[in-house]
Amino acid sequence: MIDRLEAIQKEAHEAVQTAGDLKTLEDLRVKYLGKSGLVTEILKGLGQVPAETRPQVGKACNEMKNKITLQLDLKREELEGKGSVVTPREWDPTLPGRVTPLGKTHPLTAVQKEICDIFKGFGFDLAEGPDVESDYYNFLALNFPPDHPARDAQDTFYLGRDVLMRTHTSPIQIHVMEKFKPPHKFVAPGRVYRHEAIDATHHHLFHQVEGFLVDEGIHFGHLKGILDSFIKKFFGPRIKTRFRPSFFPFTEPSAEMDISCVFCEGKGCRICKQSGWVEMMGCGMIDPAVFKNCGIDSEKWTGFAFGMGVERVAMFKYDVDDIRLFYQNDLRFLKQF
Ligand code: DAH
């Protein structure tokens, strides 16, 4: 069948090329494309073609019809004296270009970059670590005792007895401190994984930015100064910070940093549950036990660390009330950023 179509097309092409006047051309049009023309008949008979090859044959027929139509039109223009080297039908330079929709950076990537860029402005470098960690880096070296509840299979995705998906970006502290000598001044972004049910505020995959600074004579005042400056740069100069005592195995003392609610500026609203404050990140002075595990003399060096959830920060920045929206790839959501 395809062979036959090719033969007809070849024959039509030759006939059209040799046509010397408009009358002959019109006869050719009727012969091939007229009501009972050759091409028209074949198209009508498509129903009889076996179903497996019908799409292929149908496509070939349509292509042939289009080609013959174009050849007839070009020849007509030529015979009418309107022929040009490039006909407008083939290429019209006056037409406006086609607009191709452009993609853009995902809001989480953009927020993660914005966070890191602010710290880079404070002189921090960027560090990375593996998503798949050993128990040692994710827990033990960070001073989690072997029976700490965070190791519970409820929270951690284990790949083997000692191999797991990192549950936080804090293990990057250990990799860096093992590899380089202090002083240290790093931010370390990355994906983290938790064996958790998904709801509006929890996801089993999310992102954190870890930060840590180690030098001589570093104290809690430095921690407060850096984090307060970061918040003011990120959310605006009117946002206040406060530090509440907390606990993390790898910091002593540990704190939770709250910021004044970015929606009501501390007056109290639905988002901050009328308290005027929202929890932003964990932080603290690096525990001497962590320094010891990395071979760093904690008599000489001190430092602070902090860790924040990128989704959480992004939700406050953009007033997004459901973390799942970041992962559904719904263009109606993504186009807003
Ligand atoms: N790793 C902690 C978490 O995932 C967050 C954190 C808290 C990081 C305090 C820190 C810190 O560096 O000092 O919950």
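Counting starts at 1 for both ligands and their atoms, in listed order. Computed over heavy atoms, backbone and side chain alike; hydrogens, waters and symmetry mates excluded.
- Closer than 4.0 angstrom to ligand 1 lie heavy atoms from His168, Ser170, Gln173, Arg194, Gln208, Glu210, Phe248, Phe250, Thr251, Gly282, Cys283, Gly284, Ala305, Phe306, Gly307.
- At a threshold of 4.5 Å between non-hydrogen side-chain atoms, the residues Leu334 and Pro107 count as touching.
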Quiz prompt | Test ring pair (Phe, Tyr, Trp, His ring centres under 6.0 Å) applied to Phe337 and Tyr318, step by step | solution = CA-CA 9 Å; Phe337 299 95; Tyr318 293 120; 4.7 Å; yes
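- Sorted by first then second residue, the salt bridge (Lys or Arg N to Asp or Glu O under 4.0 Å) pairs that include residues 266-293, not counting sequence neighbours, are Arg244-Glu279.
- Note on Asp228 versus Lys232: salt bridge recorded, some NZ/NE/NH1/NH2 to OD/OE distance being below 4.0 Å.
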Practice problem: Quick one: do Tyr327 and Glu311 satisfy side chain to side chain donor-acceptor pair (under 3.5 Å)? Show the steps, please. | Solution: CA-CA 10 Å; Tyr327 292 96; Glu311 282 76 357; 2.4 Å; yes
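- Cation-pi geometry between Lys317 and Phe234 is met: under 6.0 angstrom from the ring centre, within 45 degrees of the axis.
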